[in-house]
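The sequence lines fix the lettering, A, B, ..., with proteins before strands; numbering per chain opens at 1.
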Amino acid sequence: MADLVNFTIDGRAVQAPKGTLLINAAKQAGIQIPAFCYYDGLSLQAACRMCLVEVEKTPKLQVGCTLPVAEGMVVHTDSPQVRKARKGTLEFLLTNHPLDCPVCDKGGECELQDMVFRYGAGQSRFIEPKIHVDEKQWSPIVFYDAPRCILCYRCVRICGEGLGVGALGIGNRGAAAEIVPNRGDHLECDECGACIDICPVGALTSGTYRYKTRPWEMEHVGTICTHCSNGCKTTLGVRNGDIMRANNRDRSGVNGEFLCVKGRYAFDFNEHPERLTSPLIRSGGELKPISWAVAIATVAKKFSEIRRVGKFGVIGSNHTSNEENFLLQSFARQVLRTANIDHHRTGDVAALIDALHGRTAALATTADLFTAKAALVIASDLAQEQPFVAFQLRNNARLNRGHVYAVTPGPVREDNYATTTRAEPGHEFEALETLREKLAAESELVILFGAAIKGDGIRRLVQFGDSLGAPVKYVCLVDYSNSRGASDMGLLPGLLPGYRSVREEGLEPGLNYDQILAARDLDALWVVGANPLSRNTLTSAGAFIVVQDLFLTETARRAHVVLPAASAYEKNGTVTNVCGDVQKLSRGPKTMGAKTDLEIVSLLAREMNEDSGARTPEQVFEIIRRTVPGYNVPVSVIETGGAAATAPVNGRVIHEPAPELIRSAGNTLFTSGTLGRYSNMLNRVMESPGALYHDPRKAPIMEQGSVQMEELQRPQ
Amino acid sequence: MRYNEPSPLETRIVSQRFDLPNPTSIDTYLANDGYVAVKKAFEMTPEQIIEELKTSALRGRGGAGFPAGMKWSFVPRNTGKASYIICNSDESEPATCKDRLLMENDPHQLFEGMLIAGWTIRANKGYIFVRGEYRYLIEILERAIAEAYDRGYLGKNILGSGWDFDLYTHTGAGAYECGEETALLESLEGKRGVPRLKPPFPAVAGAFQAPTILNNCETFSAVPWILRNGGQAFADLGTPKNGGTRLVCISGHVNRPGVYEMKMGYNILALINDVAGGMRNGKKLKAVIPGGSSSPVLRADECDIPYDFDSLAKAKSMAGSGGLVVLDEDTDMVAVALRTIKFYAHESCGWCIPCREGTTWLKKILTRFHEGGGRPEDIDLIAELADNMLGRTFCALGDAAAMPTTGFITKFRNEFEEYLKKSHVARVPQLALV
Amino acid sequence: MTFSAELERRFAKLLDSYPSGRQRSAVVPMLLYAQDEIGCVTQELVEEVARRCGVTPLQVDEVIGYYSMLHRKPLGKYHVQICTNIACQAVGGEQLYEHASRTLKLGNKEVTSDGLISLEEVECMGACAWAPAIQVNYDFHHFVTPERFDNLMQALRDGTYQRKAS
Ligand SMILES: Cc1cc2nc3c(=O)[nH]c(=O)nc-3n(C[C@H](O)[C@H](O)[C@H](O)COP(=O)(O)O)c2cc1C
Ligand code: SF4
Ligand code: FES
């Protein structure tokens, strides 16, 4: 335990570690010191002066957000003098703040409103004209209303310190001071919207949410973002079954502050007019709507026929929940009696599990990324492809002085604070040798590697890690929201849930993804939440094709039966993120006509008289907990919105190597496969003049070495 | 060049060479005790130099009057890290115009003071931060710096001491706040002149986050004399704890406004009547703003006091930067109060709420008041707003704006009340505009 | 972007003045010296300074907004600044400014149509004891009366104005 000091707040004796800032020490003691500019994890500003408190034996009021507690200190946070100061400051603040709360998006959840309600004066003595400046639109997403801005600089800091983008600055001075974007009149940035969410008032508003609704008219549903593998917690604001916004102002979940543009704004695919709302059946060369009952009966009948004589190919999804994946593979293997099941693999998780020989402690969790003494990134443009992972590493470097190394083919955003080395694909190990000495000097290391490292490459990487001498953990960087779960749940031809070999059950591995599509004699292709025919061709001309999806994708267009599926935002269940952390999906909106893949598989099972009995996600999750190695995670953690680490294997994996099947989706910050294509917001961002998307290699916004960590790190 | 006739009553310490022919030349300097003190310093330990400064009772001439010896003693020495010497020649406190003369007429004296500071903490680089408007001084300073390099008083192995010191000028670009020491350091680092959190103080983490001695131009300029003549001799010139002399910038309604070097503790009335030639046009003295525009105004009847830091503090004002504005009976104090707050509103960097909003609000009220739209309750409101700023802002600029405002209201409340009689109700806004 | 040889020399010296890795320090001086040569801060200059000092253009923008001497629009060939702060106010600074504004037909920060003269009311510029004071570009003029002011302006127009030796 760090040195503790004893001091008094509002007559209460309190202890806190030496150096704790008074504002935090008070919070721990249950006393709230009001603040606008103070924000946990960002540099100290002491600019808003709301946190002034009285400290005995000091003549002036003291600044609670920068004052470290000291032995014997006697603090009053609610004395008449303090109250007067707060009221005075609020009165100052309101002089140039438009009192347009009735039309302000922030009304109802505005920190200024709350503060005035609690500490302010009911009446203003200000009768002078206010300074007016017109509102500006900086990008499709970001709008700035200068008069509402209270200059707390949270937005500037989250963008520069937190994201490493540095797209916001301060213009002018004095009363004319305002926030300015990096391209004069517009923003060139990640459009992540962190600035908007962190703004305590309605100065920054989003193009997706502004003037649409009021906070109290929405239901707030905490769930997991469905766009990439990082598994950020997001709170959906749902009104009348529609998502109005997604944010994380409560900072709960593994990602705390963080969400990227996709997490905050690309939920609009969910309401895209082309969402499928009715099952379709091919008749006369055309897909025509039919009822669910007919559709299910048709598929069940066809499947029952084929399973006696024919050859199935099942392609699962890296978007669907663990429960759905589990049920799909068990249905495929047990009911359809086929081993031909696979999914689009974006990283060779199985090879990593195998290379680790059961050392489950060598799998890094999301939380580890923020605390590890050192991290090494290989073959990934992290900030583009793994936004939250990049955020974790950057903030580990900033707040915990973690070291970050990167071996990448081109420039990456990490360049501006990490030790980076360029290596063409295939030459990563040569570059690693040049870093060996530095890496060996680290007391612990997390190695994160992209899809370019697969199969034997992973074995070699683990050998390299072992040779360093210190404990090493690994993350196999996969692409989609449940890529990791798809792998863990056995959507692989040779592996059962938990990486048990099918041979353990006396079975032979089935056809893999490419083999399924290439098989001339395939009788049925069942695609659940995937779009293989967007890039590949199907060889078998006579296959009966069933597709479950949100949209009429390239694959769905070829189907005989299309079943409209619910999105991840419309279902309960669990997903496993890139680091193997399991988190809970909660149903927010609803699309009439669509069903979850779990429901669809269950309906098929019932129709085929093969009902497994488990029909709710909770029931399936219980089975997963009991039967899948590593998934026996505490339910309470997940139920309360937490992330539980999985350790999916206890021994050697009998792995069927097929490194050619590992194909990164190549998603960037502004793309996320099919879902991304149906997000109008993402498309608008990409078309906007500031979009970095035009040149994804433009990754490093700030100059190399431009981040002076000393300035970002806290004084204490 | 000097812009006013000297006075026989002056005690010429830092201005001793001002009237010599060719004053900026290093030859003039060398022929008149120049660079003697630094040689002496090379024979002294840092402790001895600091002790001498402490004895001299030299207090910072930039405004706050902090004892220079004490400040130097706070700087960690032998840390193995680089350290820096920064001269504050931002000179932007209204009514102050003395650093200009020091740089214009005796640049080498300033360099020598900085050299001694540099030697004391073994710093190897110094910067003179000159306000942007003083471009001509940059040219003068740079010529003098070049001369000093030529003669071996700057550069490598100075006078065989084995110690190197480089000196540079650095220009501001129009911002009063950059006179505040930490805002100055930010500006020196190429950023907006927004003050830094303290602690750490510049002594420990100043320029480029390294240990730094930062003093006003006049403070450094006094150091060579102190080392040559001893701290005691300097202390003896002034009053207790207020050593030496001070360049007093006398402006306003006097017959001979000018900058005069006076012993610390010279009586203010004597400054006006004897040194500055008395009141202009035979008018009566009404008020004095004693130490730059941020010092609270003194009524005529409060001016019979010594001009030094402690006496003025006792009178609830400040000796500040040495800028003394003399105001006669015809002066409109509301107009002076308005012009003062206009300045602070213009110069507030905008970082913190009470300063940014407080100065603007006060400016608006006083403007309205001055234009004849005053309400009786405005007087107390002005006082209360100033009070709400005082001691609550991020840096001292807020205080610098609040203190004089309070001063005008309390000392000349009657004049504000007079204004109300001229007030036109029609000009008083009735409703807040949203 | 090209600058005069003299300015390039100055830039080189500037960049050399600061500890290594701290070239950002040169941002403000570079902008001001370059502005003196080209008349105002152009977008091209912003990007050039950003490049030379290793900062983002935004970081340069932030600086420009802060310092009152940096401006994005050209001023007159002669920029006339009149102080009206308290010391100058006491001896007629405000009246002098009004006189200037009336006779030059210029408001604050405006430029004559021929681009010759611009006018600005400024804060204290360190000439208080010799007030009222004005600056024409970087030259100080002390004890300025309306008559002296008119003569000075005439000299600017006649081309007989002599820059003060520095
Ligand atoms: C708003 C503000 C403006 C200041 N302006 C100046 C200035 O122009 N020149 C100066 O020497 N000190 C100025 N100071 C004081 C400096 O912060 C600092 O105390 C001083 O330069 C230290 O030098 P000294 O101890 O030799 O006085 C200012 C302080 C404040 C708060
Ligand atoms: S826009 Fe919002 S977050 Fe940014 S400084 Fe203004 S009030 Fe703070
Ligand atoms: S008050 Fe005008 S120059 Fe000082």
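- Distance CD/C:E123 to CD/B:E93: 11.5 Å, rounded to 0.5 Å.
- Residues that satisfy the salt bridge (charged side-chain N to carboxylate O under 4.0 Å, His left out) test with B:E186, not counting sequence neighbours, are B:R196.
- Contacts with chain C were tallied for B:V325, B:I250, B:N4; B:N4 has the most, counting heavy-atom pairs under 4.5 Å.
- For C:D61, no part lies near chain B; criterion is any non-hydrogen pair under 4.5 Å.
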**Request:** Would you please test B:F208 and C:S25 for side chain to side chain contact (heavy atoms under 4.5 Å, CB included) and show each step?
**Result:** CA-CA 10 Å; B:F208 312 113; C:S25 284; 3.2 Å; yes

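- Within the 4.5 angstrom heavy-atom criterion, only backbone atoms of C:V122 (N, CA, C, O) approach chain B.
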**Message:** Applying side chain to side chain contact (heavy atoms under 4.5 Å, CB included) to B:T171 and C:Y33, what does each step give before you reach the verdict?
**Reply:** CA-CA 9 Å; B:T171 181; C:Y33 292 132; 3.9 Å; yes

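- Salt-bridge annotation for C:R10 and B:E142: present, with a side-chain N of the basic residue lying under 4.0 Å from a carboxylate O of the acidic one.
- Ranked by non-hydrogen atom pairs under 4.5 Å with chain B, the options C:M30, C:E62, C:Q81 are led by C:E62.
- When each of B:P257, B:A173, B:S251, B:G174 is checked for heavy-atom pairs under 4.5 Å with chain C, B:A173 comes out on top.
- Contact between B:P94 and C:I86 at its shortest, heavy atoms only, is CB-CG1, 4.5 Å.
- Using a 4.5 Å heavy-atom cutoff, the side chains of B:C97 and C:C128 are in contact.
- Going from atom OG of C:S17 over to atom NZ of B:K125 covers 8.0 Å, rounded to the nearest 0.5 Å.
- With a threshold of 4.5 angstrom between heavy atoms, B:I289 approaches chain C through side-chain atoms but not through N, CA, C or O.
- In terms of non-hydrogen atom pairs under 4.5 Å with chain C, the most contact-rich of B:E104, B:E347, B:H170 is B:H170.
- C:E94 touches chain B through its side chain: at least one heavy atom from C-beta onward sits under 4.5 Å away, while N, CA, C and O do not.
- For the atom pair CD1 (C:I64) and CZ (B:R192), the distance works out to 11.0 Å, reported to the nearest 0.5 Å.
- The distance from the CG atom of C:N137 to the CD atom of B:E133 is 13.0 Å, given to the nearest 0.5 Å.
- Between C:P19 and B:Y84, the closest heavy-atom pair is CG-OH, 3.0 Å.
- For residues 140-155 of chain C, heavy-atom neighbours of chain B at less than 4.5 Å comprise C:F140, C:H142, C:F143, sorted by residue number.
- Looking only at atom types and distance, the side chain of C:Y67 has a donor-acceptor partner in the side chain of B:S187 under 3.5 Å away.
- Applying the side-chain contact (heavy atoms from CB on, under 4.5 Å) test to B:N216 and every residue at least two apart in sequence or in another chain returns B:R61, B:K98, B:D99, B:E218, B:T219.
- Using a 4.5 Å cut-off between heavy atoms, B:D166 makes no contact with chain C at all.
- Between B:L188 and C:Y18, some side-chain heavy-atom pair lies under the 4.5 Å cut-off.
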**Request:** For C:V91 and B:R280, run side chain to side chain contact (heavy atoms under 4.5 Å, CB included): C-alpha distance rounded to whole Å, both residues' side-chain angles, the deciding distance at 0.1 Å, then the answer.
**Result:** CA-CA 10 Å; C:V91 291; B:R280 214 174 57 165; 3.5 Å; yes

**Request:** Show the numbers, then the answer: is there a side chain to side chain contact (heavy atoms under 4.5 Å, CB included) between B:Y136 and C:D139?
**Result:** CA-CA 8 Å; B:Y136 79 108; C:D139 294 345; 5.9 Å; no

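- Of the listed residues C:V27, C:V63, C:L70, the one with more heavy-atom pairs under 4.5 angstrom with chain B than any other is C:V63.
- C:Y138 pairs by the side chain to side chain donor-acceptor pair (under 3.5 Å) definition with B:R135, C:D36, not counting sequence neighbours.
- For B:A276, no part sits under 4.5 Å from any heavy atom of chain C, backbone or side chain.
- Neither the backbone nor the side chain of B:Y176 has a heavy atom closer than 4.5 Å to any heavy atom of chain C.
- For a residue to count as touching a neighbouring chain, one of its non-hydrogen atoms must lie under 4.5 Å from one of that chain's; by this rule B:L185 does not touch chain C.
- Proximity to chain C involves both the backbone and the side chain of B:Y3, based on heavy atoms less than 4.5 angstrom apart.
- Within the 4.5 Å cutoff, no side-chain heavy atoms of C:M125 are placed close to those of B:Y134.
- Residues C:W130 and B:V259 are in side-chain contact: their nearest non-hydrogen atoms beyond the backbone lie under 4.5 Å apart.
- Atom CZ in B:R339 sits 9.0 Å away from atom SG in C:C88 (nearest 0.5 Å).
- A distance of 8.0 Å separates CG of B:L338 from CD of C:Q89, quoted to the nearest 0.5 Å.
- Heavy atoms of B:R256 lying under 4.5 Å from chain C are absent altogether.
- Counting all heavy atoms, side chain and backbone alike, B:H346 lies closest to C:S68 at CE1-CB, 4.4 Å.
- Summarising the local packing, NZ of B:K286 is surrounded by more than 12 heavy atoms from other residues, nucleotides or ligands at distances under 6.0 Å.
- Looking only at side-chain heavy atoms (C-beta outward), B:K191 and C:R24 come within less than 4.5 Å of each other.
- Proximity to chain C (any heavy atom under 4.5 Å) is restricted, for B:I138, to the side chain, taken from C-beta onward.
- Judged purely by atom type and a 3.5 angstrom limit, B:R100 uses its side chain to pair as donor or acceptor with the backbone of C:G126.
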